[in-house]
Protein chains: 2
Amino acid sequence: MLKIGQLADKFAIKTDTLRFYEKHGLLAPSIRGANGYRLYNDKDEAKLRFILRAKSVGFSLNEIHELLSIELDKSHWVCADVKTLVDNKLLEIQKKLLELTKFEASLQSLSNACCGGPDSAEHCSILEALEDPHVDK
Amino acid sequence: MLKIGQLADKFAIKTDTLRFYEKHGLLAPSIRGANGYRLYNDKDEAKLRFILRAKSVGFSLNEIHELLSIELDKSHWVCADVKTLVDNKLLEIQKKLLELTKFEASLQSLSNACCGGPDSAEHCSILEALEDPHVDK
DNA sequence: ATAAACCTTAGAGTTAGATACAAGGTCAAT
DNA sequence: ATTGACCTTGTATCTAACTCTAAGGTTTAT
């Protein structure tokens with residue numbers, strides 16, 4: 001049985017974060033002490049590990065909520081349900097990757113075009129590229 | 001001279017966005033009509049184009065603010081100043097790319113491990129991977 | 001002249017995920 | 001018995017970039 005501070009320390013998070021997760025329906029301690037203190041057992045700890053691991057692969061708290069409702073009632077779900085969540089997330093991540101890759105390419109070409117030296121910025125090719133009314137998007 | 005709605009339409013943004021940019025010191029119309037209406041001239045329009053183009057390569061509004069203060073007073077800056085902004089942004093984008101690439105790889109391997117079929121989720125390898133107390137991070 | 005479409009301001013709400021603060025109760029050690 | 005570390009609740013704040021609402025004034029077309 002761990003108190004909130006002990007569990008937080010164990011997973012290198014803040015007590016505030018645990019209360020936040022509780023308020024948002026992700027993880028409530030199984031019991032409270034007579035003094036009202038939150039007490040977390042091994043199952044709670046496993047659930048927290050699940051949450052943090054899901055976070056570490058990019059799931060949002062809302063998505064983790066969905067994952068948890070499956071996790072806690074596995075027999076009513078099938079593999080396809082779980083895989084769909086993962087694949088949707090994958091698509092989302094890939095979309096973001098695409099956008100960032102475009103940003104990267106644009107920035108790189110701006111950077112390459114600029115001398116980066118002590119010359120006045122009056123003819124800086126970066127600024128010119130951003131100004132130019134002929135190039136769009 | 002364009003009214004706020006006309007300029008907004010021209011660039012496919014909302015009038016709210018233009019007021020927002022004004023409030024945040026990015027773009028104020030050169031003049032106001034006798035009725036108090038905002039009136040944007042060609043220079044304002046060019047500035048908006050600059051802002052939107054900077055946004056399209058990934059700069060935040062704060063960063064665009066910096067870029068604009070250079071753009072509007074070029075002679076007091078040198079290429080190195082501009083290039084530094086671009087290169088810092090580039091590093092930031094690359095850092096995000098790295099994180100998302102890790103997410104992608106993790107999700108992909110979760111997805112690959114799962115049959116995705118109509119079998120009960122009780123032995124779903126995705127859930128097992130997220131549960132497993134032995135694998136960390 | 002009246003309705004639709006436009007404009008003004010100030011200020012509140014949204015999303016996500018915390019993070020901080022205030023006012024107070026509890027516990028362990030000295 | 002008192003200090004300090006811990007816990008409780010509720011509420012507020014933060015970032016970013018809008019987005020929306022309210023209450024009202026203006027323009028344009030019919």
Side-chain angles (χ1 to χ4, degrees), chain A residues 1-41 44 48 50-68 89 92-93 95-96 99-100 103, chain B residues 1-41 44 48 50-68 89 92-93 95-96 99-100 103:
Chain A
M1 281 321 202
L2 299 177
K3 282 187 288 185
I4 194 168
Q6 295 170 319
L7 185 63
D9 284 352
K10 187 159 182 177
F11 286 87
I13 60 179
K14 303 273 184 68
T15 57
D16 275 338
T17 301
L18 283 168
R19 293 196 196 90
F20 177 81
Y21 287 172
E22 183 172 344
K23 191 164 60 179
H24 288 73
L26 287 174
L27 175 65
S30 302
I31 31 174
R32 292 282 187 135
N35 47 18
Y37 286 15
R38 289 166 177 82
L39 293 173
Y40 298 87
N41 64 19
D44 300 328
L48 178 58
F50 184 96
I51 291 167
L52 296 180
R53 199 160 296 146
K55 241 173 72 80
S56 81
V57 300
F59 283 109
S60 72
L61 298 189
N62 276 341
E63 289 155 350
I64 292 172
H65 204 83
E66 291 186 69
L67 278 171
L68 273 174
K89 191 69 195 178
E92 185 190 323
I93 298 285
K95 204 172 139 195
K96 277 190 200 164
E99 190 190 13
L100 287 182
F103 285 172
Chain B
M1 282 320 204
L2 298 177
K3 283 190 285 183
I4 195 169
Q6 295 170 321
L7 184 63
D9 284 352
K10 186 159 184 176
F11 286 87
I13 60 179
K14 302 272 184 69
T15 57
D16 275 337
T17 302
L18 284 168
R19 292 195 196 93
F20 176 81
Y21 287 172
E22 181 172 345
K23 192 163 61 180
H24 288 72
L26 288 174
L27 175 65
S30 303
I31 31 173
R32 291 283 185 133
N35 48 18
Y37 285 16
R38 291 166 176 83
L39 293 174
Y40 298 87
N41 63 20
D44 300 328
L48 178 59
F50 183 96
I51 292 168
L52 296 180
R53 199 161 295 144
K55 240 172 73 79
S56 81
V57 300
F59 284 108
S60 71
L61 298 190
N62 275 342
E63 289 154 351
I64 292 172
H65 204 84
E66 291 186 69
L67 279 171
L68 273 176
K89 191 69 197 179
E92 186 191 321
I93 297 285
K95 204 173 139 194
K96 276 191 202 165
E99 192 191 11
L100 287 183
F103 285 171

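Every value quoted in this text rests on a predicted model; they were computed, and no experiment measured them. Here is the naming used below: chain letters follow the sequence lines, and residue numbers restart at 1 for every chain.
The separation between A:His65 atom NE2 and C:dG17 atom C1' is 15 Å, rounded to whole Å. For the pair B:Glu63 CD and D:dA16 P, the interatomic distance rounds to 9 Å; values are reported in whole Å. Remark: P of C:dA5 and CD1 of B:Ile4 are 19 Å apart, rounded to the nearest angstrom. For the pair A:Tyr40 OH and D:dC6 C1', the computed distance is 14 Å after rounding to whole Å. With rounding to whole Å, B:Lys96 atom NZ is found 11 Å from D:dA16 atom P. In this structure, CD of A:Gln6 is placed 14 Å from C1' of C:dT26, rounded to the nearest angstrom. Nucleotide C:dA16 holds its P atom 13 Å from the CG atom of A:Leu26, rounded to whole Å.
The overall bend of the helix from C:dA1-D:dT30 to C:dT30-D:dA1, read as the angle between its terminal helix axes built from five base pairs each, is 20° when rounded to 10 degrees.
For the atom pair CG of A:Leu52 and CZ of A:Phe59, the computed distance is 14.0 Å after rounding to the nearest 0.5 Å. In this structure, the separation between CD on B:Glu66 and CG on B:Leu61 is 12.0 Å, given to the nearest 0.5 Å. Here A:Met1 contributes atom CE and A:Ser30 contributes atom OG; the two are 6.5 Å apart, rounded to the nearest 0.5 Å. Taken from CD in B:Gln6 to CG in B:Leu39, the straight-line distance is 9.0 Å, to the nearest 0.5 Å. Between the CZ atom in B:Phe50 and the CG atom in B:Leu26 there is a gap of 11.0 Å [rounded to 0.5 Å]. In this structure, A:Ile13 CD1 and A:Leu48 CG are separated by 5.0 Å, a value rounded to the nearest 0.5 Å.
Within the structure, a side-chain polar atom (N or O) of B:Arg32 is placed less than 4.0 Å from OP1 or OP2 of C:dT9.
The closest side-chain heavy-atom distance from B:Ile51 to B:Tyr21 is below 4.5 Å. By the 4.5 Å heavy-atom criterion applied to side chains, A:Tyr40 and A:Ile31 are not counted as neighbours.
Within 4.0 Å of A:Arg38, counting heavy atoms only, lie sugar-phosphate atoms of the nucleic acid but no base atom.
In terms of heavy-atom proximity, A:Lys14 sits nearest to A:Ala8 at C-CB, 3.9 Å.
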Whether each nucleotide of nucleotides 25-30 of chain D has a protein heavy atom under 4.0 Å at its base (B), only at its sugar-phosphate (S) or at neither (-) is summarised, 5' to 3', as BBS---
What's touching nucleotides 17-21 of chain D from the protein side, N or O pairs under 3.5 Å?
| residue | atom | partner | partner atom | Å |
| --- | --- | --- | --- | --- |
| D:dA17 | OP2 | B:Leu61 | N | 3.3 |
| D:dC18 | OP2 | B:Tyr21 | OH | 2.8 |

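With C:dT8, C:dC7, D:dT9 as the choices, the nucleotide that has an atom nearest any side-chain atom of B:Arg19 turns out to be C:dT8.
A salt bridge does not link B:Lys95 to B:Glu92: none of the charged side-chain nitrogens sits closer than 4.0 Å to a carboxylate oxygen. With respect to A:Glu22 and A:Arg32, a salt bridge is recorded, a charged nitrogen being found less than 4.0 Å from a carboxylate O.
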